[in-house]
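Note sheet for the following structure.
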Amino acid sequence: MKFVDEAFIDISAGDGGNGCVSFRHEKYKEFGGPNGGDGGRGGHVFAVADPNLNTLVDFRYSRRYEARRGEHGMGSDMFGAAGDDITLKMPVGTIISDSETGEVLYELLVPGEVITIAKGGDGGFGNMRFKSAINRAPRQKTPGWPGERKSLKLELKVLADVGLLGMPNAGKSTLIAAISNARPKIADYPFTTLHPNLGVVRVGPEQSFVVADIPGLIEGASEGAGLGHQFLRHLQRTRLLLHVIDVAPFDEAVDPVAQAKAIVGELKKYDMGLYERPRWLVLNKLDMVPTEEREARVKDFVKRFKWKGPVFEISALTREGCESLIHAIFKHVQAQQKAEQVPEEVDPRFVSDQPE
């Protein structure tokens, strides 16, 4: 399935039905009085966060969604039926904003979350609503209120705890396949991932975290070069970035340090918040480096890159070093989750001023 993380749609909630002017006509009831009912409410438009979806492709080819209008009121005190609602299923992590102003209206962050994105119009009043002691035969009615109409932009930012960052062919896809249930395309020739991949890493019973792999970045990505810049948004909700480095490139003329600095530069240009996010260095493809040369190559890279943060030496192909990386990530993610939890407010009446 084609990965689509942006779409534009037009939605219209249903108009309310019109009120009715009617009078009771029965034998032996000379002055039956008004009995015109109200119109029905127009249908609402809902959005639901569906955890089974991971793309907005359905909205790329079907852009207009209209709920049905409410039925008109009728005589004999009969109210019009409400219009049918419509529910749009969207991936978890979808941001809904006004396509004209850019204002963010809603965010779907919780699986199963349901929000009303357009309200149907209320039904109009029938003449039975206007009867009174001095107006026994009202002929007034009101039309139904119009439903809301909106032009929306849908933008998907995947919800992941960890994001993989790096040049094309750095081994990100091999890494996510080695540590998670994701199965991206992997081959023995240089190419880049074309769309983000999500994988769940199981650490133990009821212990897991989510990893996101985006297309590799190249120099100039923040200005639109390559594919990676289109998907950098998916890293904005991660708690940790893993900068994957190929320490044994096919082309000996390629300098891994220069490539790593280029990635960091593009990250800084794109979003300072993303640049300042916790970032670990993952030196990959050590299986292609002779054992006696590994330590020297790693020290040389760290020294020239002037890196002072955590460094992990792995081989995603052979899974060497992956287990220690997984457990370190889980501890970091767990600590971040605890730090983000908002403490419950304590009622001051139950707080004692007396020392224990």
Quiz item: Heavy-atom count around K119 NZ within 6.0 Å, excluding the residue itself: above 12?
Solution: no

Quiz prompt | Min side-chain heavy-atom separation L156-P91 under 4.5 Å | solution = yes

Quiz item: Which pair of heavy atoms, one from P51 and one from G112, lies closest together, and at what distance?
Solution: CD-N, 4.5 Å

Quiz item: Roughly how far, to the nearest 0.5 Å, is the SG atom of C20 from the CD atom of E71?
Solution: 13.0 Å

Exercise. Any pair with a residue in residues 290-311 that passes ring pair (Phe, Tyr, Trp, His ring centres under 6.0 Å), sequence neighbours left out, goes on the list, sorted by first then second residue, please.
Key: F301-F305, F305-W307

Self-check item: Note, K150 side chain near V45 side chain (heavy atom, < 4.5 Å)
Solution: no

Quiz item: Could you state the interatomic distance from OG (S315) to CG (L283), rounded to the nearest 0.5 Å?
Solution: 12.0 Å

Quiz prompt | Sidechain-backbone polar pair: R129 side chain, D38 backbone, donor-acceptor under 3.5 Å | solution = no

Quiz prompt | Test: R304 and D255 ion pair at under 4.0 Å | solution = yes

Quiz item: Less than 4.5 Å apart, any side-chain heavy atom of I329 and any of L242?
Solution: yes

Quiz prompt | Hydrophobic cluster membership, V162 vs V282, 4.5 Å side-chain cutoff | solution = yes

Quiz item: How about F209 and R239: do any of their side-chain heavy atoms sit closer than 4.5 Å?
Solution: no

Quiz item: Which pair of heavy atoms, one from V289 and one from A248, lies closest together, and at what distance?
Solution: CG2-CB, 4.0 Å

Exercise. Give the minimum heavy-atom separation between G75 and S22, together with the two atoms involved.
Key: CA-OG, 3.5 Å

Self-check item: Partners passing ring-ring contact (aromatic ring centres under 6.0 Å, His included) against F8 (at least two apart in sequence or in another chain)
Solution: none

Quiz prompt | Check: D15 side chain, G147 main-chain N or O, donor-acceptor pair, under 3.5 Å | solution = yes

Self-check item: Between CD1 on residue I95 and CG on residue L109, distance to nearest 0.5 Å
Solution: 8.0 Å

Self-check item: Q334, CD: over 12 other non-hydrogen atoms inside 6.0 angstrom
Solution: yes

Self-check item: Any residue meeting ring-ring contact (aromatic ring centres under 6.0 Å, His included) with F59, in chain and number order, not counting sequence neighbours
Solution: Y65

Self-check item: Polar side-chain atom of D161 near backbone of V210 as donor-acceptor pair, under 3.5 Å
Solution: yes

Quiz prompt | Sole residue of D50, I117, T94, V48 in side-chain contact (heavy atoms from CB on, under 4.5 Å) with L88 | solution = I117

Quiz item: Do L240 and V201 belong to the same hydrophobic cluster, where Ile, Leu, Val, Met, Phe, Trp and Tyr are linked whenever their side-chain heavy atoms lie under 4.5 Å apart, directly or via other members?
Solution: yes

Self-check item: V247 side chain near V298 side chain, heavy-atom distance below 4.5 Å
Solution: no

Quiz item: Heavy atoms, side chains only, cut-off 4.5 Å: are I115 and I96 in contact?
Solution: yes

Quiz item: In this structure, are over 12 heavy atoms from other groups packed under 6.0 Å from Y275 atom OH?
Solution: no

Quiz prompt | Exercise: identify the closest heavy-atom pair between R41 and G120 | solution = CG-O, 4.5 Å

Self-check item: Under 3.5 Å donor-acceptor, T87 side chain and F46 backbone
Solution: no

Quiz item: Are M74 and F23 co-members of a hydrophobic cluster defined by side-chain heavy atoms under 4.5 Å apart?
Solution: no

Quiz item: Has the side chain of H44 got a donor or acceptor atom that lies under 3.5 Å from a matching backbone atom of D85?
Solution: no

Self-check item: Step-by-step side-chain contact (heavy atoms from CB on, under 4.5 Å) determination, V264 to H243
Solution: CA-CA 9 Å; V264 174; H243 190 168; 3.9 Å; yes

Quiz item: Would a distance-only check, ignoring hydrogens and angles, find a side-chain to backbone donor-acceptor pair under 3.5 Å from R136 to P34?
Solution: no

Quiz item: Counting distance only, does the side-chain N/O of S151 pair as donor-acceptor with the main-chain N or O of S99 below 3.5 Å?
Solution: no

Quiz item: Any side-chain heavy-atom pair from L108 and Y106 closer than 4.5 angstrom?
Solution: no

Quiz item: At what distance, to the nearest 0.5 angstrom, does CD of Q336 lie from NZ of K331?
Solution: 15.5 Å

Quiz item: Would you say the side-chain atoms of K172 pair up with the backbone N or O of V244, donor to acceptor, closer than 3.5 Å?
Solution: no

Quiz item: Can you tell which of R64, R69, R63 makes a salt bridge (charged side-chain N to carboxylate O under 4.0 Å, His left out) with E66?
Solution: R64

Quiz item: So do D77 and M128 actually touch side chain to side chain, heavy atoms under 4.5 Å?
Solution: yes

Quiz prompt | ILVMFWY network linking I179 to F330, side-chain heavy atoms under 4.5 angstrom | solution = yes

Quiz prompt | Distance, nearest 0.5 Å, that separates CZ of F130 from CZ of F125 | solution = 7.0 Å

Self-check item: Inter-residue atom distance N127.CG - R139.CZ, 0.5 Å rounding
Solution: 9.0 Å

Quiz item: Ignoring hydrogens and geometry, is there a side-chain-to-backbone donor-acceptor pair from R277 to T238 under 3.5 Å?
Solution: yes

Quiz prompt | Exercise: identify the closest heavy-atom pair between D213 and L164 | solution = CB-CD1, 4.1 Å

Quiz item: Hey, quick one: are L317 and L286 part of the same hydrophobic cluster, counting side-chain heavy atoms closer than 4.5 Å, chains of contacts allowed?
Solution: no

Quiz prompt | Shortest non-hydrogen contact from R60 toward E6 | solution = NH2-O, 3.1 Å

Practice problem: Test M167 against D246 for side-chain contact (heavy atoms from CB on, under 4.5 Å), laying out the working first. | Solution: CA-CA 8 Å; M167 284 281 185; D246 178 3; over 6 Å; no

